[in-house]
Structure formats: C-alpha cells, structure tokens
Participant: 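One structure follows; several queries about it will come next.
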Amino acid sequence: MHRQSQLLLPTERQPPADAEALSHKLMVRAGLIRQLGSGLWTWLPAGWRVHERIVQIVREELDAVGGQEMLMPVLLPAELWKRSGRYGIDELFKLEDRKGAEMVLAMTHEEAVTAHVAQVVRSYRDLPLILYHFQTKERDEPRPRAGVLRTREFIMKDSYSFDRDADGLDESYRKHIVAYDRIFERTGLEWYRVESDVGMMGGTGAHEYMAPCPAGENDVALAPGYAANVEVATAEPQPAQPLPDAIDGELHTPGASTIEALAQTLDVHPSALLKAFPVVTEERGLVLVMVRGDHRVNEIKLQNALRETFRPAREDELAERGLVGGYMGPVDGVPLLLDQAVAPGRYVVGANRADYHAVYTVDGAEQRADVRTVEPGDLVDGQAIRIEPAIEVGNIFKLGTRYSEPLGATYLDESGTERHVWMGSYGIGPARIAAAAIEQYADEHGISWPKAIAPWDVHVVALGKDDELAAAEALAAEVEATGLSVLLDDRPLRPGEKFADAELLGCPLRLTVGKRALESGAAEVQIRRGRQTPEEGVPLRGGGQAVRELWESLP
RNA sequence: CGGGGAGUGGCGCAGUCUGGUAGCGCACCCGGCUGGGGGCCGGGCGGUCGCAGGUUCAAAUCCUGUCUCCCCGACCA
C-alpha cells in the first residue's frame, strides 16, 4: 500500500504553458513526469509504475514466444557503426572518451547485438535466437515534441531475431506478430497493425503497430479488413471529373500557376488537371512525375517506386530542359512518370510557357507507378477508407542480411557452407503506450487508465479524521490482500481536492471512506472510466473480494 | 534547417511600448474556523526579472551579443 501523504506525486492545477498535446499536459499535471531539457524527461514514481507495468506485459509476451532477455550498453564503440555504414546518421550522438577513442550513444542496438551473434554463433545448431532488452536509446532528434511522444532519450524494448534463412526469419517475424498482438491487446489500447515502409536500407517486410489518437504523428488509412500507414497505403482513386470538350488546345491562363487558381480560371474540377513534380535522381537524372490535380505526391511511395533516392529539381535544371515553373508539363527529352491514378483521357497540363496551359491526352502507354497519397473515400476492396492520426507504438521489421553482412554474422550450415544469418528487428516504446492510453481514454477530469497499466489498481480516498482514516486503511489492506495494488490518499485535505487529484491520476477504481461510509458501513465506489458510481458501495469490512470482483469487470 | 513565440518565486501570469522601491492568483509555512467536489479569516517565507556586456544618476524595462524552451514545417535507418 502506498500512502499519498508520503508519495512524490506533484499534481498541478494548470498544465505547463508550453504543452500542447493532451497526454503531455496530463502526464505533467498528474505528476507522472517532469522535464529536464528539450526531449529529456524524468519519470516520477507514479509514472514509472505505469512504465514498468507496460514493460512487464511486454516481457511476459516476448518470453512466451521464446525471447531471451539480456542487456547491452548504451555507450558503444563508433567502430561498429562505421562498419554497418550508419555512423553518418545525424541523429546519432557521437563523442570521444578520455583517450580520444570515438564512441557513440546507441540509438538502437542492431550493431551491438549482431556483433555478439557474430562472435558467439558458429553453427546452424545455434539458431534460431530471439534476443531482447529494455534499454535507453539516445537520438539527437531535430525536434522533440509533445512530452514523452518524441524525445531524445527513451527506453525501448528492442528484440532481434537470428535465423538460418528467409523462412526462419518469416517464422520469427510471425512469432513477434503473435507476441505484439497479445501485448497491445493486454495494454487495453485501441490499436492497429498496419503495413509500413521498409525504408531504403532494404528489408523484405515491415509492420507498424499504431494507436489512433489526435496527437499522433502518423496517418493511417483504414477500411474494413485494411490498415496501412499512408506512407505506403494504396487504394482505388475516386473517379476524375472529365474535361469538357470545349476546353482544348493551348489555353491562355494568366497568373494561374497553382492547381487551385487554374481550376478556378478554367472552371473545372482539379481532377481534370495534372500536377507536375520534377525530381532528380542519381540514375535517371531529371524525371517529371505527374499526379492528378486533386492528389498529392507521396514521397515515400515515389522513392520506393524509383528504387533510388531523389531530390526536388532546382530552378536551373528545369530551365535548362525547357520546363517552366508554375506552367510545367510533359516535354520531349524529359522522362515522364505518371501516377497510377491518372486514367487515360484528356487533362490540362502546363504548356511550359508562362501564363499558358495545354490539353494533354493520356493514352495509357506512359510509364506509370503508384506514387500518390491516398485520400479519404478512396476504395480498398470496394470499401471506402478513412484516414486517422496515430502514434506508432511498435514496429516489426525483416532486416534480412542488412547487418549480418557488414558485421560478419555467419554460421556453418549442415553441409559446412558459411552463410549469413537472417535477422529481424522489433521495437516497442513503453512511454508511447502510456501516452497513447492517456490520449485515447482521458476525459475533462483527467486520465482514465486501462486497468492493465494503471499506476495503482485502486485509489482509496480517506475523508475526515482518525476514524475515517483507520477504516480506509483497513479497507485498503483488505483490497491489497486480494492481489490488487492500492494507493491510499491519507492526506489531510478537503474532499474536493482529493477527488480532483484522484480523477486526474486516473486509477480505474476509487473507493471513498468518509463519514457516510462509517455510518452506512459501505465505501462509495467510483469507476473512473465514465465516472459512474454504482448504487451499492462495497462493505467497509470484508469488502476486499467485492472490490476484486468489481475490478475484474472493468476495461 | 526555415517560420513563429516565450524566458519575471514551485505553477500560471501582469509589469517592458513610455527607465524611477518587483506585483497578482494558486501553491507553500504558522494560527484559527470549516469538513463529501479545489472553502474562509489572519499572519508569513520565497524572485541576482535566462546569461554576459553596454547606455544611464538610475535598467525587468533601452541597445548588442548569447543561451534555453515551446509551437508549425522540414526531418524522423
């Protein structure tokens, strides 16, 4: 039993002036976290209890699929990162020790764990392995934000799988899906597993676990039976409005250098126009990418389609090839890449001459790729998608031999042939789970924890003086004896303040022991989610089991 | 990195334009009343006004530099 009178739980009536996200405001107000610098947060006792409850859920489910917990250092030799080719990452903190040796602070642990496996694993008999740890990650983020949602230092559960081949990796990946599905189900979050970008570093598959909430940094596209990060989502577009026959040939469109202006000038729907997006790649040079006027280029999908990185073309590169900013259209000598959603037909494009556009006919023979961002209402299997912001709370990724090759993680197979280990990496951010839960379930009075991750299961609030406090302590002890954790508010404060603090902190169940309880012999119950007070309270004496049963029925 | 905003007691803020004894609410400490939704009365503690330099008889206030934090965007292996 924890006594609130002795607990460091600094609640605040007002949120910090600079807080924007709901979880940020509430975590500070409820006394869970405090800031020390940009992106640097301390977990206070109550917040840390939440964090550790989440950690324990993750641990149990990873152990259940054969994961082995270990611990690797945060301070690492730079050498490993030079070998893997990741030393140049801007987010990587770099430093020297007193001897001048180059070190880095781990932003993740692929290098470290692969180096160990390279040393230790020699035979196919040593595989497969799933290794994991909970360890601090350091990332020099360009912009930390929203309390604990994006920080420069945070604890991540990262696991790594090591297999003999691609099939083995698939199996380890599948085990992680099982574990992760169970983890997020147990946390009580609303969550989705979505298809996600595998990134430029290769990889053969990736999913993200997303918790929808307003403060989310990602957008997910959702339809019945479909969930994908918009970075990779693909869907059938809504049909374009056909261009009226009256609009033809070259069009004088003074000043109409934006889609909006052009649509207005011509009095047509933006879907009858094509938007130009000129890029330059290493291999291909200048490429003119075009999407429908009512669509947006998705740079990640474009990069994946091109299979190489690109940058926006510079003014001089455009001028050199006869392309005119604001009035850009297909031109001889510049490869054209049309978005998949541009159906054959007539469209208005730039005439590559200031203040002029022209009608262009798409015949379907052009080079095409799916490079646009999906829009709400687009169809997947005939079902309209919606787009929601979400926090990424976990990810799973098939690495393949991305790290085993540079770091030399090999084994001998049955035939004595040396082969590279096939790897996967899998992350979960407990802090984000806590923040997402707050975002999803908080009301105007404060936090409402899912019961699996609440700092305490039951909050016993004692009102009044000695007799009430003694009764509250007795009840708290009975509740605790049923295996529930209890926070006892034994502070000599007025009821209003204590109730307000209890609702701010958000334990699933609140028991009030005051004069009324002494008179009636029953403590009043409040279920935090929904703030409902059942007609019947729980008996002051022998009420432990009743509380336990009530608690079992909560979300 | 681009744009915007802010640094004054633990929290939230006013004062800065127009230089002249550093203030308000909450919190905190002491005493009393009160006692089921942040109550009341009285008395207190607490601030080198982010930092450095300059102007001035005098700087929270004007000037220069600098640091930090937040928000939007870019970025996010």
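Just so it is clear, the model here is predicted, and its values are computed rather than measured.
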Participant: Now, which nucleotide makes the Watson-Crick or G-U wobble pair with B:rG47, with each of the two distances under 3.5 Å?
Facilitator: none
Participant: A:L92 has an atom CG; how far is it from atom C1' of B:rA77, in whole Å?
Facilitator: 11 Å
Participant: Is there a residue in residues 422-433 of chain A whose heavy atoms reach under 4.0 Å of RNA chain B, and which residues are they?
Facilitator: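 Within this stretch, nothing sits under 4.0 Å of the strand.
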Participant: Please output the side-chain donor-acceptor pairs of residues 423-436 of chain A that fall under 3.5 Å, not counting sequence neighbours, one pair per line with the distance.
Facilitator:
from, atom 1, to, atom 2, distance (Å)
A:S425, OG, A:E110, OE2, 3.3
A:Y426, OH, A:S161, OG, 2.7
A:R432, NE, A:L149, O, 2.9
A:R432, NH1, A:E392, O, 3.0
A:R432, NH2, A:L149, O, 3.1

Participant: When we call it a touch if two heavy atoms are under 4.0 Å apart, what does A:E217 touch: a base, just sugar-phosphate, or nothing?
Facilitator: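 If one applies the 4.0 Å heavy-atom cut-off, A:E217 turns out to touch nothing in the nucleic acid.
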Participant: Just how far, in rounded Å, is C1' of B:rG36 from CG of A:D489?
Facilitator: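 Going from A:D489 (CG) to B:rG36 (C1'), I get 13 Å.
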Participant: Let me know the distance between CZ of A:R531 and C1' of B:rG36, rounded to the nearest Å.
Facilitator: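 For the pair A:R531 CZ and B:rG36 C1', the rounded distance is 14 Å.
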Participant: Could you state the atom-to-atom distance from CZ of A:R34 to P of B:rC69 in whole Å?
Facilitator: 17 Å
Participant: Would you measure the distance from the P atom in B:rA58 across to the matching atom in B:rA22 and give it in whole Å?
Facilitator: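 Going atom to atom, P in each nucleotide, I get 16 Å.
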Participant: Map A:P15 and A:N218 onto RNA chain B by nearest heavy atom, then report which one ends up closer to the 5' terminus.
Facilitator: A:P15
Participant: Counting distance alone, no hydrogens or angles: does the base of B:rG35 have a donor or acceptor under 3.5 Å from a partner atom on the side chain of A:K465?
Facilitator: yes
Participant: Would you please test A:R531 and A:D443 for side chain to side chain contact (heavy atoms under 4.5 Å, CB included) and show each step?
Facilitator: CA-CA 10 Å; A:R531 296 176 79 230; A:D443 61 20; 4.0 Å; yes
Participant: Might you work through the salt bridge (charged side-chain N to carboxylate O under 4.0 Å, His left out) test for A:E473 and A:R3, ending with a clear yes or no?
Facilitator: CA-CA 10 Å; A:E473 284 182 3; A:R3 289 166 191 275; 2.7 Å; yes
Participant: Could you check whether A:K82 makes a cation-pi contact with A:Y87, meaning its NZ or CZ is under 6.0 Å from the centre of the six-membered ring and within 45° of the ring axis?
Facilitator: yes
Participant: Is the backbone N or O of A:M72 less than 3.5 Å from a side-chain atom of A:H133, with the two atoms forming a donor-acceptor pair by type?
Facilitator: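 Looks like yes, one N/O pair under 3.5 Å.
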Participant: What interatomic distance, in whole Å, is found between C1' of B:rA14 and the corresponding atom of B:rC57?
Facilitator: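 Looking at atom C1' only, B:rC57 and B:rA14 are 28 Å apart.
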Participant: Under 4.0 angstrom, heavy atoms only, what part of the nucleic acid is A:T512 near: base, sugar-phosphate, or nothing?
Facilitator: base
Participant: Taking B:rC30 as the reference, what is the distance to B:rU68 when you measure between their C1' atoms (whole Å, please)?
Facilitator: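 After rounding to an integer number of Å, I get 38 Å for this pair.
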Participant: Just to verify, what does A:P15 make a side-chain contact (heavy atoms from CB on, under 4.5 Å) with, not counting sequence neighbours?
Facilitator: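 Partners of A:P15 under the side-chain contact (heavy atoms from CB on, under 4.5 Å) test: A:K25, A:R29.
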Participant: Encode nucleotides 38-47 of chain B as B, S and - characters from 5' to 3', where the letter depends on protein heavy atoms closer than 4.0 Å: B to the base, S only to sugar-phosphate, - to neither.
Facilitator: BB--------
Participant: Is it true that the NZ or CZ of A:R529 lies under 6.0 Å from the centre of A:Y441's six-membered ring and within 45 degrees of the ring axis?
Facilitator: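 Yes, a cation-pi geometry.
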Participant: Reckon A:R510 touches a base, only the sugar-phosphate, or nothing at all at heavy-atom distances under 4.0 Å?
Facilitator: base
Participant: For the pair made of NZ in A:K515 and P in B:rG37, what is the distance, rounded to whole Å?
Facilitator: 12 Å
Participant: My understanding is that a pair needs two contacts under 3.5 Å, Watson-Crick or G-U wobble. By that rule, which nucleotide pairs with B:rG42?
Facilitator: B:rC30
Participant: Just to verify, what does A:W191 make a side chain to side chain donor-acceptor pair (under 3.5 Å) with, not counting sequence neighbours?
Facilitator: A:E185
Participant: Below 3.5 Å is the cut-off: list the nitrogen or oxygen pairs between protein and nucleotides 70-72 of chain B, distance only.
Facilitator:
from, atom 1, to, atom 2, distance (Å)
B:rC70, OP1, A:Q35, NE2, 2.9
B:rC70, OP2, A:S38, OG, 2.8
B:rC70, O3', A:D18, O, 3.4
B:rC70, O2', A:D18, O, 3.0
B:rC71, OP1, A:A146, N, 3.4
B:rC72, OP2, A:R143, NH1, 3.2
B:rC72, OP2, A:R143, NH2, 2.6

Participant: P atom, B:rG50 versus B:rG15: distance in rounded Å?
Facilitator: 15 Å
Participant: Does B:rG12 have a Watson-Crick or wobble partner in any strand here, with both distances under 3.5 angstrom, and which is it?
Facilitator: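 WC or wobble partner is B:rC24.
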Participant: Would you mind pulling out the nucleotide paired to B:rG2, Watson-Crick or G-U wobble, both distances under 3.5 Å?
Facilitator: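 B:rC72 - that is the nucleotide pairing with B:rG2, both distances being under 3.5 Å.
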Participant: Determine the Euclidean distance between corresponding P atoms of B:rU61 and B:rG38; express it in Å to zero decimal places.
Facilitator: 42 Å
Participant: Measuring only the C1' atom in each nucleotide, how far is B:rG47 from B:rG23? A whole number of Å is fine.
Facilitator: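 After rounding to an integer number of Å, I get 11 Å for this pair.
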Participant: Using a 4.0 Å heavy-atom cut-off across all strands, classify A:G464 as base, sugar-phosphate, or nothing.
Facilitator: nothing
Participant: Is there side-chain contact between A:H459 and A:L509, with heavy atoms separated by less than 4.5 Å?
Facilitator: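 With C-beta onward as the side chain, the pair stays apart.
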Participant: Could you tell me if A:E111 and A:S84 have a donor-acceptor pair between their side chains, going purely by distance under 3.5 Å?
Facilitator: yes
Participant: Rounded to whole angstrom, note down the P distance from B:rC63 over to B:rC71.
Facilitator: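 About 28 Å, rounded to a whole number of Å.
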Participant: Mind calculating the distance between CG (A:L8) and P (B:rC28) to the nearest angstrom?
Facilitator: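 That distance rounds to 15 Å.
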Participant: Rounded to whole angstroms, how far apart are CD on A:E141 and C1' on B:rC1?
Facilitator: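 These atoms are roughly 15 Å apart.
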Participant: Hey, does the Lys NZ or Arg CZ of A:K137 hover above the aromatic six-ring of A:F154, less than 6.0 Å from the centre and inside 45° of the axis?
Facilitator: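 No; the conditions do not both hold, so A:K137 does not lie above the ring face of A:F154.
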Participant: What is the base-pairing partner of B:rC62, counting Watson-Crick and G-U wobble geometry with both distances under 3.5 Å?
Facilitator: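 By the stated definition (distances under 3.5 Å), B:rG54 pairs with B:rC62.
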Participant: Using the P atom as the reference point in each nucleotide, state the distance between B:rA77 and B:rU64 in Å, no decimals.
Facilitator: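 To the nearest whole Å, 41 Å.
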Participant: What I want to check is whether the side chains of A:Y180 and A:H207 have a donor and an acceptor closer together than 3.5 Å.
Facilitator: no
Participant: Under 6.0 Å from the NZ atom of A:K94, do we count more than 12 heavy atoms belonging to anything else shown?
Facilitator: yes
Participant: Looking only at side-chain N and O atoms, does A:N229 offer a donor or acceptor that is under 3.5 Å from a partner on A:S196?
Facilitator: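 Not at all, the side chains of A:S196 and A:N229 share no donor-acceptor pair under 3.5 Å.
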Participant: Distance check needed: B:rG35 P versus A:L518 CG, whole Å only.
Facilitator: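 Distance, rounded to whole Å: 16 Å.
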